[in-house]
Amino acid sequence: MANDKLGRPSKERLAVLRNQVSYLLWYGRIETTVAKAKAVAAEAEKMLTLAINTYQDNVTVKKTVTVDGKKIEKEVVNDGVKKLNARRKLMSFVYDLPEMRQEKESLAAFKERTKGVNHPLIEKIFNVYAPKYAERAKEVGSFGGYTRVIKTGARRGDAAELAIVELI
């Protein structure tokens with residue numbers, strides 16, 4: 001099995017990578033084989049770099065809204081051209097994972113918390129990871145190195161080398 005092909009046809013390989021990158025970015029940590037872990041880490045780094053380079057590109061626009069027959073002018077913050085392009089690239093690669101209700105969270109509280117969020121994973125990448133890793137890049141002085149691969153030993157049954165991929 002070649003490391004770069006993962007022993008699968010291209011459609012299957014891309015589906016596995018998209019799935020695992022999505023889960024890595026959602027949960028922050030996954031366990032898989034070493035070959036898949038290296039491929040997932042490389043793709044996740046690309047996605048995070050894209051978000052970090054564009055997350056501050058916002059445009060403030062004045063919008064007229066009609067409420068009860070009265071026209072009200074309102075300022076709205078939209079994505080800039082670069083951020084919109086990055087958002088679309090991310091959406092074309094990662095799967096859209098649904099937001100889950102937390103333990104002992106009421107339905108009303110869940111709906112209030114997720115109101116206005118159409119793509120929770122994309123929002124998490126731009127609002128949580130991008131500022132965090134941009135700050136880290138300023139402190140360290142270099143970009144990259146957002147993931148780590150830790151080898152955990154052989155899997156029982158087929159003796160495949162396992163690894164944990166996690167976001168730093």
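As the structure is a computational prediction, the values presented were derived from the model and not from experiment.
Annotation for Val165 and Ala41: closest pair CG1-CB, 4.3 Å, computed over non-hydrogen atoms. In this structure, Val34 and Leu162 approach most closely via the heavy-atom pair CG2-O, 3.8 Å. Between Leu50 and Leu90, the closest heavy-atom pair is CD2-CG, 4.3 Å. Across every non-hydrogen atom of Pro120 and Asp96, the tightest pair is CD-OD1, 3.9 Å. When every heavy atom of Ser22 is checked against every heavy atom of Leu97, the shortest pair comes out as O-CD1, 3.6 Å. Taking both residues in full, the closest heavy atoms of Ala51 and Ile125 are given as CB-CG2, 3.5 Å, listed atom of the first, atom of the second, then distance.
Between the Thr114 side chain and the Val117 main chain, no donor and acceptor come within less than 3.5 Å of each other. A side-chain donor-acceptor contact under 3.5 Å links Glu45 to the backbone of Thr147. Asp57 places a side-chain N or O within donor-acceptor distance of the main-chain N or O of Lys83, the cut-off being under 3.5 Å. A distance-only check finds a donor-acceptor pair linking the side chain of Glu105 to the backbone of Gln102 [under 3.5 Å]. In terms of modelled atom types and a separation under 3.5 Å, the side chain of Tyr129 and the main chain of Leu25 share a donor-acceptor contact. Judged purely by atom type and a 3.5 angstrom limit, Asn53 uses its side chain to pair as donor or acceptor with the backbone of Thr49.
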> Going through the checks in order, is the side chain to side chain contact (heavy atoms under 4.5 Å, CB included) test met by Thr60 and Val76?
Replying inline: CA-CA 6 Å; Thr60 305; Val76 180; over 6 Å; no
>> Under the criterion side chain to side chain contact (heavy atoms under 4.5 Å, CB included), I'd like the reasoning laid out for Glu135 against Glu139: C-alpha separation, chi angles, the key distance, then a yes or no.
In response: CA-CA 6 Å; Glu135 184 66 32; Glu139 291 172 6; 3.9 Å; yes
>> Would Val16 and Lys36 count as a side chain to side chain contact (heavy atoms under 4.5 Å, CB included) here? Give the steps.
In response: CA-CA 9 Å; Val16 167; Lys36 287 179 194 168; 4.3 Å; yes
> After noting the C-alpha distance and the side-chain angles of Arg136 and Ile168, does the key distance pass the side chain to side chain contact (heavy atoms under 4.5 Å, CB included) rule?
Replying inline: CA-CA 10 Å; Arg136 181 179 173 271; Ile168 296 176; 4.2 Å; yes
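You'll find the side chain of Thr64 stays beyond 4.5 Å of the side chain of Ile72, heavy atoms only. Side chains of Asn19 and Leu17 form no contact here, defined as non-hydrogen atoms less than 4.5 Å apart. A heavy-atom distance below 4.5 Å is not found between the side chains of Val77 and Val59. Taking the side chain as every heavy atom from C-beta outward, Asp79 and Asn58 approach each other to under 4.5 Å. Looking at heavy atoms from C-beta onward, His119 lies in side-chain contact with Met91 at the 4.5 angstrom threshold. You'll find the side chain of Thr152 reaches within 4.5 Å of the side chain of Glu31, heavy atoms only.
Note: Tyr27 OH to Leu167 CG = 13.5 Å, rounded to the nearest 0.5 Å. The OH atom of Tyr95 sits 11.0 Å away from the CD atom of Gln20 when rounded to the nearest 0.5 Å. The distance from atom CG of Leu48 to atom NZ of Lys132, rounded to the nearest 0.5 Å, is 9.5 Å. Rounding to the nearest 0.5 Å gives a distance of 11.5 Å between CG of Leu84 and NZ of Lys89. Atom CD of Glu73 sits about 5.5 Å away from atom NZ of Lys62, to the nearest 0.5 Å.
Using a cut-off of 4.0 Å between Lys/Arg side-chain N and Asp/Glu carboxylate O, Glu75 and Lys63 are scored as not salt-bridged. Ion pairing between a basic and an acidic side chain is recognised when a charged N comes within 4.0 Å of a carboxylate O; Lys46 and Glu43 show such pairing.
Tyr55 and Phe126 have their aromatic ring centers separated by at least 6.0 angstrom.
Atom CZ of Arg113 has more than 12 heavy atoms from other residues, nucleotides or ligands within 6.0 Å. Surrounding NZ of Lys124 are more than 12 heavy atoms belonging to other residues, nucleotides or ligands, all under 6.0 Å away. In this structure, Tyr23 places its OH atom where only 12 or fewer heavy-atom neighbours from other residues, nucleotides or ligands lie under 6.0 Å away.
Among residue pairs with one or both ends in residues 156-165, those qualifying as side-chain hydrogen bond (donor to acceptor under 3.5 Å, both in side chains) are Arg155-Asp158; sequence neighbours excluded.
Every residue was checked against the salt bridge (Lys or Arg N to Asp or Glu O under 4.0 Å) condition with Arg101, not counting sequence neighbours, and none meets it.
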